[in-house]
Amino acid sequence: MDTFRHKGLRNRLVQEIAQKGITCNKVLRAIGNVPRHMFFESSFIQFAYQDKAFPIGAGQTISQPFTVAFQTQLLNIKRGDRILEVGTGSGYQAAVLVEMGAKVFSIERQRELYLKSSKLLPQMGYQLSFFLGDGYKGLPQFAPFDGIIITAGAPDIPEELLLQLAIGASMIIPVGRKTQTMIRVTRVSETEFSQEDFGKFEFVPMLKGVVK
Ligand code: SAH
């Protein structure tokens, strides 16, 4: 259930991330609309509107709201854009993308998390396509995408994913082993890519293969 109190806490969170540098109103509105507490176990609900990452089981975390907003802002989504997300996790980032009018394809490698989020989000009214699989491979059968967002720390930029970008589209990816640099790679032409750097972040690692 989403109560008046939750909405109040969410408004405070929106102000907090705006102060930290999120300027896109569409992103702020989406963060203000998605009931983040519904992605938490009931005993941890008081943590839902702090600007922090939090454990979601299977050794994974729901990303910090600022980070979700930051990556989403870098994507520059337009309504109807087809977006590939790697690392469904709790499904919170995916819900923010759907809230912004994107058509979302989200991949998760851990069955437990895939099962949980593919049940929860439709119950909350968020429609998107869920896949259990290895995000390093992407979804060539659904490419090209208008944007790709990676929500785990990748050791390098996966080439197979670059080839799934439409021309003019970007991939937002935290790259690095211990800490990561947020990178936006844009496909300028069939064969050319440009790269921009947006500072340091910390993510759980992007790993190969599927956990059944
Ligand atoms: N977007 C999520 C963040 C979850 S943390 C959210 O909003 O909650 C990152 C997730 O990426 C974890 O669930 C992890 O299992 C997943 N992951 C890591 N490597 C992956 C890969 N190669 N393919 C798909 N998912 C991956």
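Start at 1 and go down the list; that is how both ligands and their atoms are numbered.
- Ring pair Phe145/Phe105 is perpendicular by interplanar angle, where above 60° counts as perpendicular and below 30° as parallel.
- Transitive grouping of hydrophobic side chains (ILVMFWY, heavy atoms separated by less than 4.5 Å) keeps Met182 and Ile173 in distinct clusters.
- Aromatic pair Phe44/Phe40: centroids not less than 6.0 angstrom apart.
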Enumerate, one pair per line, all nitrogen or oxygen atoms of ligand 1 lying under 3.5 Å from a protein nitrogen or oxygen, stating the separation to 0.1 Å; write 'none' if no such pair exists.
{"unit_1": "ligand 1", "atom_1": "1 (N)", "unit_2": "Glu85", "atom_2": "OE2", "d": "3.0"}
{"unit_1": "ligand 1", "atom_1": "1 (N)", "unit_2": "Gly87", "atom_2": "O", "d": "2.9"}
{"unit_1": "ligand 1", "atom_1": "1 (N)", "unit_2": "Thr151", "atom_2": "OG1", "d": "3.1"}
{"unit_1": "ligand 1", "atom_1": "7 (O)", "unit_2": "Gln93", "atom_2": "N", "d": "3.1"}
{"unit_1": "ligand 1", "atom_1": "8 (O)", "unit_2": "Ser90", "atom_2": "N", "d": "3.1"}
{"unit_1": "ligand 1", "atom_1": "8 (O)", "unit_2": "Ser90", "atom_2": "OG", "d": "2.6"}
{"unit_1": "ligand 1", "atom_1": "13 (O)", "unit_2": "Glu108", "atom_2": "OE1", "d": "2.8"}
{"unit_1": "ligand 1", "atom_1": "13 (O)", "unit_2": "Glu108", "atom_2": "OE2", "d": "3.4"}
{"unit_1": "ligand 1", "atom_1": "15 (O)", "unit_2": "Glu108", "atom_2": "OE2", "d": "2.6"}
{"unit_1": "ligand 1", "atom_1": "19 (N)", "unit_2": "Leu207", "atom_2": "N", "d": "3.0"}
{"unit_1": "ligand 1", "atom_1": "22 (N)", "unit_2": "Asp134", "atom_2": "OD1", "d": "3.1"}
{"unit_1": "ligand 1", "atom_1": "22 (N)", "unit_2": "Leu207", "atom_2": "O", "d": "2.6"}
{"unit_1": "ligand 1", "atom_1": "23 (N)", "unit_2": "Gly135", "atom_2": "N", "d": "2.7"}
{"unit_1": "ligand 1", "atom_1": "25 (N)", "unit_2": "Arg109", "atom_2": "N", "d": "3.3"}

Could you walk me through whether Tyr49 and Arg10 pass the side chain to side chain donor-acceptor pair (under 3.5 Å) check? CA-CA 6 Å; Tyr49 295 109; Arg10 215 146 56 230; 2.9 Å; yes
Stepwise side-chain contact (heavy atoms from CB on, under 4.5 Å) check, Arg36 with Ile62: CA-CA 10 Å; Arg36 190 168 187 259; Ile62 179 171; 3.8 Å; yes
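- Ring geometry for Tyr92 versus Phe39: interplanar angle over 60°, hence perpendicular rather than tilted (30 to 60°).
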